[in-house]
4 protein chains.
Amino acid sequence: MTEPKPLRADARRNRARVLDAAETVFAARGTGAPTEEVAREAGVGIGTVFRHFPTKAALLEAVLAERMRRFVEEAQSFAAAEDPESAFFVFLGRWAEMSAAKNAYTDALAAAGADVPRLGPEIGAQVREAVGALLSRAQLTGAVREDVGVTELIALMVGAARAAEYLGEDAALRARTLGIVFDGLRAR
Amino acid sequence: MTEPKPLRADARRNRARVLDAAETVFAARGTGAPTEEVAREAGVGIGTVFRHFPTKAALLEAVLAERMRRFVEEAQSFAAAEDPESAFFVFLGRWAEMSAAKNAYTDALAAAGADVPRLGPEIGAQVREAVGALLSRAQLTGAVREDVGVTELIALMVGAARAAEYLGEDAALRARTLGIVFDGLRAR
Amino acid sequence: MTEPKPLRADARRNRARVLDAAETVFAARGTGAPTEEVAREAGVGIGTVFRHFPTKAALLEAVLAERMRRFVEEAQSFAAAEDPESAFFVFLGRWAEMSAAKNAYTDALAAAGADVPRLGPEIGAQVREAVGALLSRAQLTGAVREDVGVTELIALMVGAARAAEYLGEDAALRARTLGIVFDGLRAR
Amino acid sequence: MTEPKPLRADARRNRARVLDAAETVFAARGTGAPTEEVAREAGVGIGTVFRHFPTKAALLEAVLAERMRRFVEEAQSFAAAEDPESAFFVFLGRWAEMSAAKNAYTDALAAAGADVPRLGPEIGAQVREAVGALLSRAQLTGAVREDVGVTELIALMVGAARAAEYLGEDAALRARTLGIVFDGLRAR
DNA sequence: TATGAATGAGCGTTCATTCAT
DNA sequence: TATGAATGAACGCTCATTCAT
């Protein structure tokens, strides 16, 4: 359903280029950036963008979906780590950093919780599952308090990313601030 | 500088009406809402809006500045409370709740740190001062850890407001999530 | 309902200019002509066209309504003529000529019978009434056969106008062709 | 001239399929329908459509030409009928009915007279000849007035088809209206 | 030869801003 | 000073046409 047609090789390459360009442009200039900017960045004609994504909303959705896919991937790559506590906090940290750099990553996470109608519920479920796995393992080791659920955790990540974005350049400052949230998450 | 001319009474009233309308409209429909919508809500002509705020950006800035003014006012009203610990946390809580409803309050706070050049540094300083006062008093009582600065605190508030906004309706869930951040702020 | 607001004098003048221009342009180049052409012909900016007629469809409707208004007016001016027979045929002839010159007049008549949703039923009724009055009087004098109804008559006018348009320049040829239809209408 | 090259069998089959599809699509959705719709209906790629008809205009012309070919064919099939009077009127009637359903047939006829330069004069001549034959025979029997020429007759048919189209569903109403034109054509 | 992806001019429409009333 | 009509740049999107596969 997600990939109804096996596109030609060149078409698939262009689709990917457009998606990359869209991520870059929307992150840099906001989602209000003209679609033509995306086309220019991708090095294709405006018609090509609309051939692959029939409306601007569809393009935004695709960007979101792609980000969520990457997020799930990264979360899963941490799931098998030896030390669940460090896996949990390192993942959170890395992710907040990423989000601060390309602010819109957070929107992707946020979207997992709610709507974005066309996205389908599955991808949101995958996000929750991936994060939940990391959380559970960290809780089992006693490192993270028991009364935190996946929903609260995702909300905190959304918020932490926003905070990191707000803080801007200063890495040490960001780390210290994030540390406060981490401390709140730890079992006493 | 902020109010170069002593406006006539009716002009001042119109300015205020436009500002109110802008806050309402932009909160409800986003900052992309047409300026004409603001004029309609204010019950004035579009020309009047542009007379008082020569560009749309200027209008947005003015809305932000107004929000920050109110924020400072509220922070100050908590500054004299008997119990500094509770004053600190209750203020944070109330404010996150408010922001959850009208998320743009957050943007206002965020703007205090950096961007929005036209806003002038004074108003940002006032915010920092007002929040700082609450923070210091709470730290003096030993309720809040010493290694938190005003900048980190504001970042956390920005993030907490975003988290609360993300969580939406469920007040208990919001309280629990906010509580995690609060626990992170407390001295051990 | 048709004129909700008493427009400013200059606004009304511009509205009329746009309507005139639209009639000219759509008649000459077809309804597919770009709206900007209409603006150019009217000597106004494109925004002005859309201020007065919020969509292109609305503009087309307005052109149609205006034509029907004129048609009714002309029919009424013939209604009081001394000789009903000549009034009837002269009106039909004049009107077919007009339509041949500006082909789209016919569409207006045709629209009186059916749809064009927004136009409201009243104007269609007015057309039928105006034509019906001419017809009845001519039938009373015995000049026109009794078994012709308003609907048939309008259909014939629509068709006659199309025929005249098809014939183009040659006035004598048009007159002869129209005469055949007229003969069909006469009582034997 | 019309078929410069003897196409390969499959190419000719594709050409015919495209032509059929074009007639169907343009009749249903108007001539503004995208060429891609025609390709889809024909079950071929868009490239194939443009290979056979290098522009959309060329495709429209071909559809017109095809319609006229059929028209001539039908007229000829009536030419040898025993009763010229009934052949004449039955043919006109049948044809107006057809046109009412697929109004664009009319345009095809109209095109025989003048415009559509590419169509070549021959096909127009064929139409005139075929209709003229029916007309002459009917005039010889005294059923149709002598002062009607082929041009007037075609114009009347164009108009009658338009009238029938205007009248829509009601077959009895269409017949009555057409009857008026027929009466105009009859000798007194 | 057939395909369908790519192209980009062009269209309808919006909205910040200006200016005559 | 207040009004709202006028302006036109800019945007999202379509579709005839081209061309690499």
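Just so we're on the same page: letters track the sequence lines, and every chain starts at 1.
- If you measure from atom CZ of C:R40 to atom C1' of E:dG12, you get 15 Å, rounded to the nearest angstrom.
- Evaluation of the salt bridge (charged side-chain N to carboxylate O under 4.0 Å, His left out) rule for B:E41 yields no partner, not counting sequence neighbours.
- Regarding contacts with the backbone of F:dT1, every side-chain N or O of B:H52 stays at 4.0 angstrom or more from both OP1 and OP2.
- Between F:dT3 and B:T48, a contact under 4.0 Å exists linking OP1 or OP2 to a side-chain N or O.
- Using a 4.0 Å cut-off between charged side-chain N and carboxylate O, B:R162 and A:E165 make no salt bridge.
- Going from atom CZ of C:R12 over to atom P of F:dG4 covers 16 Å, rounded to whole Å.
- Contact record, C:I123 with C:A65: CD1-O, 3.9 Å, taken as the closest heavy-atom pair.
- Whole-Å rounding puts the D:R29 CZ to F:dT14 P distance at 15 Å.
- Both A:G45 and C:F53 lie near DNA chain E, and the one whose nearest nucleotide falls closer to the 5' end is A:G45.
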Task: Under 4.0 Å protein heavy-atom contact, by nucleotide of nucleotides 15-21 of chain F - B base, S sugar-phosphate only - done: -SBB---
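- Salt-bridge formation is detected for the pair B:E66/B:R69: a Lys NZ or Arg NE/NH1/NH2 atom is positioned less than 4.0 Å from an Asp or Glu carboxylate oxygen.
- In this structure D:R29 satisfies the side chain to side chain contact (heavy atoms under 4.5 Å, CB included) test together with D:A33, D:E37, sequence neighbours excluded.
- A distance of 9.5 Å separates CZ of B:R67 from CG of B:L19, quoted to the nearest 0.5 Å.
- If you measure from atom CZ of C:R51 to atom C1' of E:dG12, you get 18 Å, rounded to the nearest angstrom.
- Qualifying side chain to side chain contact (heavy atoms under 4.5 Å, CB included) partners for C:R51, counting only residues two or more places apart in sequence or in other chains: B:E36.
- One interatomic measurement links the two molecules: CZ of D:R17 to P of E:dA2, which rounds to 11 Å at whole-angstrom precision.
- In terms of the side-chain hydrogen bond (donor to acceptor under 3.5 Å, both in side chains) criterion, residue partners of A:R17 (sequence neighbours excluded) are, by chain and number, A:N14.
- Annotation: the span from C:F53 atom CZ to C:L60 atom CG amounts to 10.5 Å, rounded to 0.5 Å.
- When the side-chain nitrogen and oxygen atoms of A:N14 are compared with OP1 and OP2 of E:dA5, none of them lie within a distance under 4.0 Å.
- Counting only Watson-Crick and G-U wobble pairs whose two distances sit under 3.5 Å, DNA chain F takes part in these stems of three or more pairs: E:2-21 with F:2-21.
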